[in-house]
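For reference, the structure is listed below as structure tokens.
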Amino acid sequence: MIRRALLLSVLAVPALAQERAPARPGTPEGEALLARLRAGGLVLFLRHADTRGEPCDRSFRLGDREGQRNLSPAGRAQAAAIGRRMEELGIPVALPVLAGPVLRARDTAEAAFGAARVRVTDDLNADDYAGGRLAEVLEGHRRLLADPVPPGANRVLVGHRTPFIMVAGPEVGGRALPEGAFAAVEPGGASRVLGILELAPLPGGGFHGC
């Protein structure tokens with residue numbers, strides 16, 4: 001498939017930096033990243049929450065919940081916890097939060113931030129659901145990651161790992177971006193990943209078996 005060829009071409013390019021390791025609050029890396037997030041002006045790319053144990057995608061049709069891989073019960077609780085932790089830690093969020101149309105992304109955003117604060121956009125679609133529009137979806141990711149963000153708030157995008165790797169590169173591949181983790185990106189012409197943060201990690205979680 002074209003999407004797989006694109007992903008393999010990205011991963012075949014030697015990384016300028018090693019694969020990222022997620023940080024957590026309470027660690028030196030996590031606290032440094034939190035300080036930067038509190039100042040705002042960044043893009044936070046949130047991979048949807050936990051889906052372990054749920055059936056894999058089958059229909060690849062938007063709106064077809066039965067044919068999609070959905071959040072697990074633990075994932076719904078994780079998403080709500082992410083929203084609470086962001087508020088507790090003083091991470092400012094620019095509204096609306098933007099989410100992809102595949103339900104596990106939309107459900108994560110709505111559980112974390114409230115449905116009234118979420119806007120769904122095809123720019124954050126999953127690669128498997130993009131069909132012949134994958135190039136447009138990747139361009140949408142690039143634009144949302146690059147557009148300036150005013151100080152004092154952070155643009156939050158809720159989406160999927162594979163398109164983000166295609167755009168951001170191999171340093172966010174492998175096990176760098178678990179389910180329910182944020183990549184903090186400095187926007188601009190050459191968007192730069194500053195780090196990855198887990199606010200509500202689950203024991204043994206982070207990656208589904210599909």
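All residue numbers in this chain count up from 1 along the given sequence. All values derive from a computational prediction rather than experimental measurement.
Between the CG atom in Leu177 and the CD atom in Glu19 there is a gap of 10.5 Å [rounded to 0.5 Å]. For the atom pair CG of Asp128 and SG of Cys56, the computed distance is 10.5 Å after rounding to the nearest 0.5 Å. One finds the CG atom of Asn70 at 5.0 Å from the CZ atom of Arg65 (value rounded to the nearest 0.5 Å). Atom CD of Glu139 and atom CZ of Arg133 lie 12.0 Å apart (nearest 0.5 Å).
Enclosure of atom CZ in Arg106 is not indicated, since only 12 or fewer non-hydrogen atoms of other residues, nucleotides or ligands lie within 6.0 angstrom. Counting heavy atoms of neighbouring residues, nucleotides and ligands inside a 6.0 Å radius, atom CZ of Arg175 does not exceed 12 of them.
Side-chain contact check for Asp127 versus Leu134: some heavy-atom pair is nearer than 4.5 Å. Two residues are said to be in side-chain contact when any heavy atoms from C-beta on lie closer than 4.5 Å; Asn125 and Leu62 meet this criterion. Side-chain contact check for Asp57 versus Cys210: every heavy-atom pair is 4.5 Å or farther apart. Considering only heavy atoms from C-beta on, Pro201 stays 4.5 Å or farther from Pro178 through its side chain. Annotation: side chain of Leu144 is not in contact with side chain of Val43 (no heavy-atom distance under 4.5 Å).
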>> With side-chain contact (heavy atoms from CB on, under 4.5 Å) as the criterion, how do Leu124 and His141 come out once you've worked through the C-alpha distance, each side chain's angles and the decisive distance to 0.1 Å?
In response: CA-CA 6 Å; Leu124 294 172; His141 277 69; 3.8 Å; yes
> Which is it for Arg69 and Glu54 under the salt bridge (Lys or Arg N to Asp or Glu O under 4.0 Å) test, yes or no, and what are the steps along the way?
Replying inline: CA-CA 6 Å; Arg69 187 175 92 247; Glu54 297 299 307; over 6 Å; no
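Under the 3.5 Å distance criterion, the side-chain polar atoms of Arg155 are matched with a main-chain donor or acceptor of Pro148. Remark: the backbone N or O of Gly40 is paired with a side-chain donor or acceptor of Arg36 at under 3.5 angstrom. Side chain of Gln68 to main chain of Arg61: a donor-acceptor pair is present (N/O by atom type, distance under 3.5 Å, no hydrogens or angles).
Considering every non-hydrogen atom in both Leu145 and Val185, the closest pair reads CD2-CG2, 4.1 Å. The minimum heavy-atom distance between Ala200 and Gln78, with the atom names listed, is O-NE2, 3.0 Å. Nearest heavy-atom pair, Asp122 versus Val137, reported as atom, atom and distance to 0.1 Å: O-CG2, 3.7 Å. Nearest approach of Ala146 to Ser191, heavy atoms of both residues: CA-OG, 3.5 Å.
In terms of hydrophobic clustering, with Ile, Leu, Val, Met, Phe, Trp and Tyr side chains grouped at heavy-atom distances under 4.5 Å, Val149 and Leu33 are assigned to different clusters.
The list of ring-ring contact (aromatic ring centres under 6.0 Å, His included) pairs with a residue in residues 163-183, not counting sequence neighbours, reads Phe45-Phe164.
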For residues 85-103, run the donor-acceptor check on the side chains, cut-off 3.5 Å, and write out each pair with its distance to 0.1 Å, sequence neighbours left out.
from, atom 1, to, atom 2, distance (Å)
Arg85, NH1, Glu88, OE1, 3.2

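The only option from Arg47, Arg24, Arg20 that meets the salt bridge (charged side-chain N to carboxylate O under 4.0 Å, His left out) definition with Glu198 turns out to be Arg24.
Residues that satisfy the side-chain hydrogen bond (donor to acceptor under 3.5 Å, both in side chains) test with Arg117, not counting sequence neighbours, are absent from this structure.
Donor-acceptor pairing under 3.5 Å is lacking for the side chains of Thr51 and Arg104.
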